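These notes concern the structure reproduced below.
Sequential numbering from 1 along the given sequence is applied to the chain's residues. Whatever order the structure lists ligands and atoms in, that order sets their numbers, starting from 1. Just so we're clear, the structure is a prediction, and the values are computed from it rather than from any experiment.
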Amino acid sequence: MRGAMDSILDAIGQTPIVKLQRIGAELEAEIYVKCEYLQPSGSGKDRVARRMIEAAEASGALAPGGTIVEATTGNTGAALAACAAVLGYKCAFVVPDRVSAEKIAALRAYGAKVVVTPSAVDPDDPKSMRPVARELAASIPGAWLVDQWENELNPKGHRLSTGAEIWEQTGGELDAIVAGIGSGGTLTGIGRHLKSKRRDIAVVGVDPVGSLIHDFVVSGRVTPPTAFELEGIGVDFFPKTLDAGVLDEVVRVDDGAAFRMARDLVRLEGLYVGGSSGAAVAGAIEWARRVGGPRKVLVLLPDGAGGYLSKIFNDEWMTEHGFLAETEGLGTVRALIQQKGGAGVITAKHTDRVRDVIGRMKSNGISQLPVMRDGELIGAVAEVDLLRYLVSGESSLDGEVAPLVERDYSLVDPGTPIETLQARMNEARMAIVLDEGRVVGVVTKIDLIDYLARRAV
Ligand code: PMP
């Protein structure tokens with residue numbers, strides 16, 4: 001028929017860019033969104049799934065009758081499954097258990113086999129999604145493991161498709177691109193393309209509280225990952241497909257702020273999007289407010305609301321998780337710091353002698369302190385680190401404190417909700433509060449107990 005496409009795969013790409021009407025209207029910047037959620041399988045992953053499959057066919061890794069295997073939080077799986085339906089392959093996917101029931105049901109609707117693995121395990125644990133996917137691929141004859149976190153065609157596909165399309169659509173009239181980071185393929189690909197055209201376009205990543213990327217980019221350190229509810233973005237390992245060199249900045253967003261923004265995007269703008277879209281817009285607004293100026297900011301909206309109806313768009317689930325209204329919750333880290341009072345934060349320089357650091361802890365009655373180099377946070381030192389050092393026998397009180405620096409802390413900011421802080425303190429010894437790169441507070445478990453106890457009276 002005239003005007004018809006050969007298959008749904010030919011409908012991939014050419015998503016609209018839309019200006020936000022209400023959200024962010026108070027900003028000097030203009031916020032635009034690219035509707036990747038309008039693609040055939042419901043996400044931006046369609047663009048790379050087809051390319052990865054075609055390359056595997058060309059190399060012989062995937063042959064007729066073969067099975068496509070992947071670890072996924074749903075969207076890469078759906079994109080691969082849609083291609084597999086058209087091209088005649090079978091699919092088997094491994095998903096972590098935080099993935100919504102709707103997204104798992106969608107994979108099964110495409111006819112895929114789905115294996116669910118625990119989210120709360122170390123990424124190298126044999127029960128974790130990627131090792132399970134490797135096992136699964138090894139056990140199925142004719143299986144091809146996609147591995148979106150290592151597959152170079154993931155960022156390359158986004159460079160050639162999403163990046164080129166954005167440049168063409170906007171005529172290069174944009175000052176910043178903002179996207180959440182999962183495998184990092186989307187932002188790496190788009191960022192590389194846009195920077196090759198105009199170096200001054202800011203590439204801003206959005207990372208959930210609990211993921212590794214933000215703290216690594218800000219402090220150069222890997223702080224322990226903690227649990228979060230956002231799907232599709234956030235990592236507990238470093239994906240090879242992320243080129244941190246292309247990022248100008250990483251903004252961190254917590255689950256609650258991301259989910260509330262997703263609900264606002266649906267209700268105030270008619271954009272039917274999911275949680276990572278909410279995170280990206282919330283991060284973009286925070287960035288635009290901070291840098292100021294009449295910038296044109298483009299934000300990627302990766303997937304739709306339909307995958308999250310039982311979670312983000314379900315008031316009961318949102319309330320149970322303390323996500324519904326920040327003001328009705330336990331307050332923020334800012335309130336805790338204010339209540340704690342005191343005279344600023346006591347820190348050490350990396351060249352300070354151990355003897356002086358012990359003296360500073362003693363005279364201020366504290367048991368740990370952040371360590372700085374040239375005004376930047378490089379880690380923290382705590383009583384236990386000093387003890388270990390002193391009993392090791394190789395210790396010298398005149399040695400520099402730098403080798404004792406530990407990373408057993410969590411980075412939060414003043415706007416972090418107390419609920420999020422509490423969740424992070426389950427696993428970290430203390431939290432360091434950073435406000436635009438400056439250390440503005442140190443929070444220990446007893447500070448948190450004191451804050452909550454005072455609220456309770
Ligand atoms: N949002 C959602 C919902 C996703 O599924 C993904 C892909 N994991 C992303 C954002 C991030 O994309 P990328 O993997 O390219 O960083």
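- Ligand 1 has no nitrogen or oxygen under 3.5 angstrom from a nitrogen or oxygen of Ile181.
- Salt-bridge check for Arg263 with Asp315: passed, with a basic side-chain N closer than 4.0 Å to an acidic carboxylate O.
- Proximity to Pro302 (heavy-atom distance under 4.0 Å) selects the following atoms of ligand 1: 1 (N), 2 (C), 10 (C).
- A salt bridge between Arg429 and Glu406 is absent, with no side-chain N of the basic residue lying under 4.0 Å from a carboxylate O of the acidic one.
- For the pair Asn75 and ligand 1, the shortest N or O to N or O distance falls below 3.5 Å.
- On a distance-only criterion, Gly182 and ligand 1 share at least one N/O pair closer than 3.5 Å.
- Of the N and O atoms on the side chains of Thr76 and Glu70, not one donor lies less than 3.5 Å from an acceptor on the other residue.
- Per-residue contacts place Gly184 under 4.0 angstrom from the following atoms of ligand 1 (heavy atoms of the residue considered): 13 (P), 14 (O), 16 (O).
- To the nearest 0.5 Å, atom CG of residue Asp408 and atom CE of residue Met430 are 8.0 Å apart.
- Classification of the Trp317-Phe259 ring pair by plane angle, with boundaries at 30° and 60°, yields tilted.
- Side-chain polar atoms of Lys34 and Thr15 form a donor-acceptor pair below 3.5 angstrom.
- Residue contacts with ligand 1 for Ser183 involve both N, CA, C or O and side-chain atoms from C-beta outward (heavy atoms, distance under 4.0 Å).
- Under the 4.0 Å criterion applied to side-chain N and carboxylate O atoms, Lys311 and Glu102 are not assigned as salt-bridge partners.
- Under 4.0 Å from ligand 1, the heavy atoms of Lys45 that appear belong solely to its side chain.
- Residue Ser43 places every heavy atom at 4.0 Å or more from ligand 1.
- Atom-to-atom distance recorded for Arg198:CZ and Asp175:CG is 5.5 Å, nearest 0.5 angstrom.
- For ligand 1, one of its N or O atoms has an N or O atom of Thr186 under 3.5 Å away.
- Heavy-atom proximity to Asp303, at under 4.0 Å, picks out these atoms of ligand 1: 3 (C).
- Each of the atoms 3 (C) of ligand 1 lies under 4.0 Å from some heavy atom of Glu231.
- Remark: ligand 1 and Ser276 share an N or O pair separated by less than 3.5 Å (distance only, no angle test).
- Residues Lys195 and Asp248 are paired through a salt bridge, judged by an N-O separation under 4.0 Å between the basic side chain and the carboxylate.
- Every atom of ligand 1 is numbered from 1 in the order shown, and the set under 4.0 Å from a heavy atom of Gly232 is 2 (C), 4 (C), 5 (O), 6 (C), 7 (C), 8 (N), 9 (C), 10 (C), 11 (C).
- For the pairing with Leu271, the side-chain contact (heavy atoms from CB on, under 4.5 Å) check across Val33, Val281, Val266 returns one residue only, Val33.
- Taking distance alone, with nitrogen or oxygen atoms compared against 3.5 Å, Tyr308 stays at or beyond that limit from ligand 1.
- The single protein non-hydrogen atom nearest to atom 10 (C) of ligand 1 is Ile233 CG2, 3.4 Å, given as residue, atom name and distance.
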